[in-house]
J.: 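Sharing a structure, written as structure tokens. Questions coming.
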Amino acid sequence: MELLDGQLASRAIKDALAIQVAQLKTEGKKVPHLAAVLVGNNGASETYVGAKVKACAEIGYKSTLLRLESDISENRLLNIIEELNDDPDVDGILVQLPLPKHISDEKVINAIHPSKDVDGFHPENVGRMVQGLPTFVPATPYGIMLLLEHYKIDTRGKHAIVVGRSNIVGRPMSILLSGNTNPGNCTVTICHSHTHNLKELCLQGDIIVAALGKPEFVTASMVKKGAVIIDVGITRVPDASKKSGFALKGDVNFKEVAPLASYITPVPGGVGPMTIAALMKNTFRACKERNDS
Ligand code: NDP
């Protein structure tokens, strides 16, 4: 079994981006600028946004963090996005999800200009991804593709089982893995909460991407020997032994599954850092397109 080390792979990507940013500076061009919008004070969201802002600083990007009250009106938030769309210095906009219940995720996602939609959630960018056209690909599945590439994992012709069909992870993952690309060219089965015989399907998987948000759901009895295991799940479970009061659990029972796997991502330190590296790549791309236009 080999560990798919997301810390290591993301470091390599961020180092390469830092060199490109230094080059932009030498040429007197503007550096990438990511604007992150955080509504309310959800602990996990705070952590994710904090990690994204920190990554910007490491690479040499500019970042702006807009902290907004949880009772902000939908209209006010849409106006703020419009201002960011119109700000020529801002290359990428991300609105950390989930949003409070009184705000429509869909309206907010649709309000971000597609050229600044570095999360790749806008329908125009999703459409381009489905057609295999250059675009911003949602950061988590993009990060997983980069991780497979980094470890030179041959995915061609393999049967990939994706558990979860969210617009953020499972569905785009299934599209990317089935694309005529490398990595890619998989035969993909996408599963969800209505799937019958999930265990039998998982046992057929050469690659399993677990993205359902149920701690340690994938056990040894669901995994065939030699499978590549990608664990996307991050759930906070109470743990009195930790200073924070919680531990992070993946969707895979690592202890049981690791001995069977050919490759496996740890949680934390697997998909999480790759998500951030992918977002940084998208932000660089947004800046480059603006610099070149
Ligand atoms: P969602 O809750 O949006 O989607 C979960 C999906 O899993 C749904 O499609 C659901 O099916 C399916 N599902 C739930 N229970 C089962 C089950 N028993 N059997 C089969 N399928 C099931 O979650 P996300 O996609 O947003 O996130 C998934 C996990 O990944 C979470 O733990 C999240 O925290 C983590 N995550 C990690 C990231 C990272 O950077 N590492 C980034 C984003 C997410 P149905 O559609 O039928 O309801």
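In listed order, ligands and their atoms are each counted from 1.
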J.: Applying a 4.0 Å heavy-atom criterion (strictly less than), which segment of Ile234 is in contact with ligand 1: side chain, backbone, both, or neither?
T.: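 It is both parts that get close, each with some atom under 4.0 Å.
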J.: Using heavy-atom distances only, which candidate in Gly164, Pro268, Ala210 approaches atom 12 (C) of ligand 1 most closely?
T.: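 Heavy atom nearest to atom 12 (C) of ligand 1 belongs to Gly164.
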J.: Is the closest heavy atom of Tyr48 to ligand 1 under 4.0 Å?
T.: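 Tyr48: no contact with ligand 1 (<4.0 Å).
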J.: Does a salt bridge link Asp91 with Lys62, judged by any charged N lying under 4.0 Å from a carboxylate O?
T.: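 No, Asp91 and Lys62 are not salt-bridged.
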J.: Quick test of your reading of the model: are Arg11 and Glu58 salt-bridged, counting only N-O distances below 4.0 Å?
T.: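 Salt bridge: yes.
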J.: Give the numbers and elements of all ligand 1 atoms closer than 4.0 Å to a heavy atom of Thr275.
T.: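 Within the 4.0 Å cut-off of Thr275, ligand 1 contributes 39 (C), 40 (O).
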J.: Please could you name the atoms of ligand 1 that Val169 approaches to less than 4.0 Å, counting only its heavy atoms?
T.: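 Answer for ligand 1: 25 (O), 43 (C), 44 (C).
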J.: Identify, for atom 20 (C) of ligand 1, the protein heavy atom at the shortest distance, and state residue, atom and that distance.
T.: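 Nearest neighbour among protein heavy atoms for atom 20 (C) of ligand 1, to 0.1 Å: His192 O, 3.1 Å.
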J.: May I ask you to decide whether Glu46 forms a salt bridge with Arg67, counting only side-chain N to carboxylate O separations under 4.0 Å?
T.: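 Looking at Arg67 together with Glu46, the answer is yes, because their closest N to O distance falls below 4.0 Å.
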J.: Look up atom 34 (O) of ligand 1 and tell me if a protein heavy atom lies less than 4.0 Å from it?
T.: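 Given the 4.0 Å limit, the answer for atom 34 (O) of ligand 1 is yes, a protein heavy atom qualifies.
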J.: Strictly below 4.0 Å, N to O, side chains only: are Glu289 and Arg285 in salt-bridge contact?
T.: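 Yes, charged N to carboxylate O under 4.0 Å.
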J.: Which of the atoms in ligand 1, numbered in the order shown and given with their element, are less than 4.0 Å from a heavy-atom of Lys214?
T.: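 This gives 15 (N) as the contact atoms.
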J.: By number and element, which atoms of ligand 1 are closer than 4.0 Å to a non-hydrogen atom of Leu198?
T.: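 Here the atoms of ligand 1 in question are 19 (N), 20 (C).
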J.: Apart from Val237 itself, which Ile, Leu, Val, Met, Phe, Trp or Tyr residues share its cluster (side-chain heavy atoms under 4.5 Å, direct or through members)?
T.: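 Its cluster partners, ordered by chain and number, are none at all.
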J.: Among protein heavy atoms, which sits nearest to atom 9 (O) of ligand 1, and what does the distance come to when rounded to 0.1 Å?
T.: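 The protein heavy atom lying closest is Arg165 N, 2.9 Å.
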J.: In Å and rounded to the nearest 0.5 Å, what is the OG1 to CD distance from Thr219 to Glu256?
T.: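 CD of Glu256 is found 5.5 Å from OG1 of Thr219.
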J.: Any chance the side chains of Gln204 and Glu200 put a donor and an acceptor closer than 3.5 Å?
T.: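 Note: Gln204 and Glu200 side chains miss the donor-acceptor criterion.
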J.: Just checking, any donor-acceptor pair under 3.5 angstrom between side chains of Ser73 and Asn75?
T.: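 No.
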J.: Provide the number and element of each atom of ligand 1 under 4.0 Å from a heavy atom of Ala211.
T.: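 Once the distances to Ala211 are compared, the set is 5 (C), 6 (C), 7 (O), 28 (C).
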J.: Less than 3.5 Å between some nitrogen or oxygen of Ser193 and one of ligand 1, yes or no?
T.: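 Yes, at least one N or O pair falls under 3.5 Å.
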J.: With a cut-off of 4.0 Å, which atoms of ligand 1 are near a heavy atom of Thr140?
T.: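 So the answer, numbered in order with elements, is 40 (O), 42 (C), 43 (C).
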J.: What side-chain donor-acceptor pairs closer than 3.5 Å can you find for residues 137-149, not counting sequence neighbours?
T.:
residue : atom : partner : partner atom : Å
Thr140  : OG1  : Thr275  : OG1          : 3.2

J.: Answer yes if the side chains of Lys288 and Gln20 hold a donor-acceptor pair under 3.5 Å, and no otherwise.
T.: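 No.
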J.: Quick one: nearest non-hydrogen protein atom to atom 18 (N) of ligand 1, plus distance?
T.: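 Closest protein heavy atom to atom 18 (N) of ligand 1: Phe217 CE1, 3.5 Å.
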J.: How far is atom 29 (C) of ligand 1 from its nearest protein heavy atom, and which residue and atom is that?
T.: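 Going atom by atom, the protein heavy atom closest to atom 29 (C) of ligand 1 ends up being Gly213 N, 3.7 Å.
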J.: Does a donor on one side chain and an acceptor on the other come within less than 3.5 Å for Thr265 and Asp231?
T.: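 Note: Thr265 and Asp231 side chains miss the donor-acceptor criterion.
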J.: For ligand 1, which part of Thr195 has a heavy atom less than 4.0 Å away: the side chain, the backbone, both, or neither?
T.: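 Looking at Thr195 and ligand 1, no heavy atom falls under 4.0 Å.
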J.: Which option wins on minimum heavy-atom distance to atom 30 (O) of ligand 1: Leu212, Val232, Ile168?
T.: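 Selected option, by shortest heavy-atom distance: Val232.
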J.: Below 4.0 Å from ligand 1: does a non-hydrogen atom of Gly170 turn up there or not?
T.: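 Not so, Gly170 does not reach ligand 1.
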J.: May I ask you to check whether Ser166 has an N/O atom sitting below 3.5 Å from an N/O atom of ligand 1?
T.: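 N/O-N/O distance below 3.5 Å exists for this pair.
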J.: Return yes if a side-chain donor-acceptor contact under 3.5 Å exists between His33 and Thr64, otherwise no.
T.: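 Yes.
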J.: Number the atoms of ligand 1 from 1 as they appear, then name those within less than 4.0 Å of a heavy atom of Gly272, with their elements.
T.: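 In order of numbering, the contacting atoms are 40 (O), 41 (N).
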